[in-house]
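Scroll down for the structure; my scribbles are underneath it.
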Amino acid sequence: MTFSIGVVGVGQFGGHFAHLFKLHPGVSEVYVVDERPERAAAAQERWGLDGTKAGFEELLASDVDAVAIFTQRWTHGPLVEQALRAGKHVYSAVPMAVSEEEIERIIEAVKETGLVYAMGETSYYNPATVYARNQHAAGKFGRIFYSEGDYVHDMDLGFYDAYQYSGGDAWKSTASYPPMLYPTHAIGGVLGALPSHAVSVSCIGVRDDRNDGVFDKDVSMFGNDFSNATALFELNDGGAMRTNEMRRVGYPSHIRESRFRFFGTEASFEQLAKVTVWQDKENVHDISEQVETRPSIPLDDPSLADVAPELRDAFISGLAPVHDRSRLPEEFLGAPNGHEGSHQFLVDDFVTAVNEGTLPPVNAWVAARFTLPGVVAHASAQQNGERLPIRDFGDAPQSA
């Protein structure tokens, strides 16, 4: 079986995903939509796609079977629900949504329509998460009682350019997006390895002091002045998870922007920018080679012309030895990848789920567990760290 898909938003990431969808043998046609028609036309020409649509409404009214949403991060919830209600399977970039209400509406729409929803959380296929998931499944950790996931990406390392590219003249009002409302690269990397979920949180927000108009409450459309935030979560299995979301930090995020630690009763796993170790009660084992990705395209590839040099590593990282490349279609060999080798796996997950009528790994219920804890954490930070409960929408049903 094959299906057609329309990609909404073909800026820096959307175009690369449109290319991967076009390469996948399970996809018949790929159309693109962008609020800037010239971007849609350029993507169609660059990747040999099947056409453009004038807008989101026109796309939903067409006979495409699915949509992939790569719009501004705070717009995903309503667009996803609208697409599901229009009878389209949906792939969405992160985050799932920005409120508990939006998350609930997406889950209800998935239940009622029976359509496939997948959130493209890259950390689910981060090599560190893949390694930890395998070790946990094999019982090597013992009981994991403490874990950490950090998303450490300084604004100076490409984010100013990215927000100006996507936000236009009002970019400072959107560059203040609250860090904890973009939590899935950190939380998803931990919970992607553990069969648990967060049940409560206390979070501390660090107010920005750069005074450049970003993270300024008077400028921010979100009323946000936190540039960094740290949250401590209680998990349903009695363990603890700490998450850091940092936008002002002296750290080389172009080398590794998400990093993880897991501590179990029998063994532990720790990661820095260039070193990753597995430790038991007797020794320390350097496993850096197993989780190191290989470039998929050069840093100066023409497709990256609109991407800030500091961000290009996220677009070129290919597979690591720990990845199971045997499950990917042959058409992906030599194709662009990104975010620690995750892009190709995420596309294949969605295509497989649609064509086989199954649930993708990061389905609506999993996406809620990756997203809602950050939403509640931000509320906790706004309330001076008050410990707040986190709603759980339960496990996914057995079929889509």
Side-chain angles (χ1 to χ4, degrees), residues 12-13 72-76 93-95 97-99 122-123 148-190 201-233 241-261 272-273 307-311 313-314 339 370-386 388:
Q12 295 180 325
F13 276 111
Q72 297 275 41
R73 56 194 67 179
W74 57 91
T75 66
H76 297 166
V94 300
V98 295
S99 72
T122 57
S123 285
E148 295 179 6
D150 299 335
Y151 183 58
V152 280
H153 198 141
D154 189 88
M155 284 289 296
D156 292 331
L157 297 180
F159 267 0
Y160 279 98
D161 290 336
Y163 275 110
Q164 290 176 55
Y165 179 84
S166 62
D169 293 339
W171 69 272
K172 286 187 177 181
S173 70
T174 61
S176 58
Y177 188 79
M180 277 294 167
L181 295 190
Y182 196 71
T184 61
H185 292 334
I187 294 173
V190 172
V201 62
S202 176
C203 180
I204 300 299
V206 179
R207 290 183 167 82
D208 197 53
D209 62 0
R210 180 72 69 89
N211 297 318
D212 63 355
V214 178
F215 301 112
D216 182 332
K217 274 191 173 183
D218 295 332
V219 176
S220 171
M221 66 177 285
F222 313 101
N224 175 60
D225 60 358
F226 297 143
S227 54
N228 297 325
T230 295
L232 182 62
F233 297 93
M241 172 178 69
R242 192 200 70 185
T243 291
N244 284 308
E245 288 288 340
M246 298 178 178
R247 306 296 179 266
R248 302 287 195 201
V249 54
Y251 179 87
S253 56
H254 60 287
I255 295 176
R256 173 169 286 135
E257 63 185 9
S258 296
R259 63 180 200 170
F260 304 98
R261 301 171 80 199
L272 297 173
V307 180
E310 298 89 348
L311 292 177
D313 287 272
H339 275 101
F370 289 2
T371 306
L372 184 55
V375 174
V376 180
H378 181 58
S380 170
Q382 291 176 312
Q383 298 172 49
N384 297 315
E386 181 177 346
L388 300 176

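Every heavy atom of this structure was used, including side-chain atoms; hydrogens, water molecules and symmetry mates were not. Residues take their numbers from the sequence shown, with the count starting at 1. Here the structure is a predicted model, which is why all the values come from computation and not from measurement.
- Taking the ring pair (Phe, Tyr, Trp, His ring centres under 6.0 Å) definition, one finds that Phe222 meets it with Trp74, Tyr177, sequence neighbours left out.
- Considering all non-hydrogen atoms of both residues, Ala381 and Gly205 come closest at CB-N, 3.7 Å.
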Exercise. Would you please test Tyr163 and Lys172 for side-chain contact (heavy atoms from CB on, under 4.5 Å) and show each step?
Key: CA-CA 8 Å; Tyr163 275 110; Lys172 286 187 177 181; over 6 Å; no
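- Using a 4.5 Å cut-off on side-chain heavy atoms (C-beta onward), Glu245 and Phe226 make no contact.
- Contact detail for Val375 and Ser99: the closest heavy-atom pair is CG1-CA, 4.1 Å.
- Contact check for Trp171 versus Ser173: no side-chain heavy atoms found under the 4.5 Å cut-off.
- Counting heavy atoms from C-beta outward, Asp150 and Arg242 have side chains that approach closer than 4.5 Å.
- In this structure, His185 has its ring center under 6.0 Å from that of His339.
- Contact detail for Gly167 and Thr174: the closest heavy-atom pair is CA-OG1, 4.4 Å.
- In this structure the side chain of Asn224 reaches within 4.5 angstrom of the side chain of Pro179, judged on heavy atoms.
- For the residue pair Asn244 / Thr230, a side-chain donor-acceptor distance below 3.5 Å is found, with atom types taken as modelled.
- Summarising the geometry, atom CG belonging to Asp208 is positioned 7.5 Å from atom CG belonging to Asn228; distances are rounded to the nearest 0.5 Å.
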Quiz prompt | Evaluation steps, salt bridge (charged side-chain N to carboxylate O under 4.0 Å, His left out), between Arg248 and Asp212 | solution = CA-CA 13 Å; Arg248 302 287 195 201; Asp212 63 355; 3.5 Å; yes
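- Annotation: salt bridge (charged side-chain N to carboxylate O under 4.0 Å, His left out) contacts of Asp161 (sequence neighbours excluded): none.
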Quiz item: Is there a side-chain contact (heavy atoms from CB on, under 4.5 Å) between Phe260 and Ser123 once you walk through the steps?
Solution: CA-CA 10 Å; Phe260 304 98; Ser123 285; 3.8 Å; yes
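- In this structure, the side chains of Ser166 and Gln72 come closer than 4.5 Å at one or more pairs of heavy atoms.
- Among Arg247, Met246, Arg259, the single residue meeting the side-chain contact (heavy atoms from CB on, under 4.5 Å) criterion with Tyr151 is Arg247.
- Contact of the Val190 side chain with the Glu148 side chain is not registered, since no non-hydrogen atoms from C-beta on lie closer than 4.5 Å.
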Quiz item: Given Met155 and Val214, is the side-chain contact (heavy atoms from CB on, under 4.5 Å) satisfied, shown in steps?
Solution: CA-CA 10 Å; Met155 284 289 296; Val214 178; 4.1 Å; yes
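- Between the CG atom of Asp216 and the OG atom of Ser227 there is a distance of 12.0 Å, given to the nearest 0.5 Å.
- Using a cutoff of 4.0 Å between basic side-chain nitrogens and carboxylate oxygens, Arg210 and Asp156 are scored as salt-bridged.
- Residues Val249 and Asp154 form a side-chain contact, since some pair of their non-hydrogen atoms from C-beta on lies under 4.5 Å apart.
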Quiz item: Would Ile187 and Met241 count as a side-chain contact (heavy atoms from CB on, under 4.5 Å) if you check the C-alpha gap in whole Å, the side-chain angles of each, and the deciding distance to 0.1 Å?
Solution: CA-CA 9 Å; Ile187 294 173; Met241 172 178 69; 4.1 Å; yes
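- Side-chain atoms of Thr243 do not come within 3.5 Å of backbone N or O of Ala186 as any donor-acceptor pair.
- Cation-pi contact between Arg73 and Tyr182: present, with separation from the ring centre below 6.0 Å and deviation from the ring axis of at most 45°.
- Of the possible polar contacts, one joining the His76 side chain to the Ala93 backbone as a donor-acceptor pair under 3.5 Å is found.
- Taken to the nearest 0.5 Å, the CG atom of Leu388 stands 12.0 Å off from the NE2 atom of His378.
- Residues Tyr251 and Leu157 have side chains not in contact (no heavy-atom distance under 4.5 Å, counting atoms from C-beta outward).
- Take Ala377 and apply the side chain to side chain contact (heavy atoms under 4.5 Å, CB included) test, not counting sequence neighbours, and it matches Met180, Val201, Cys203, Ala231, Phe233.
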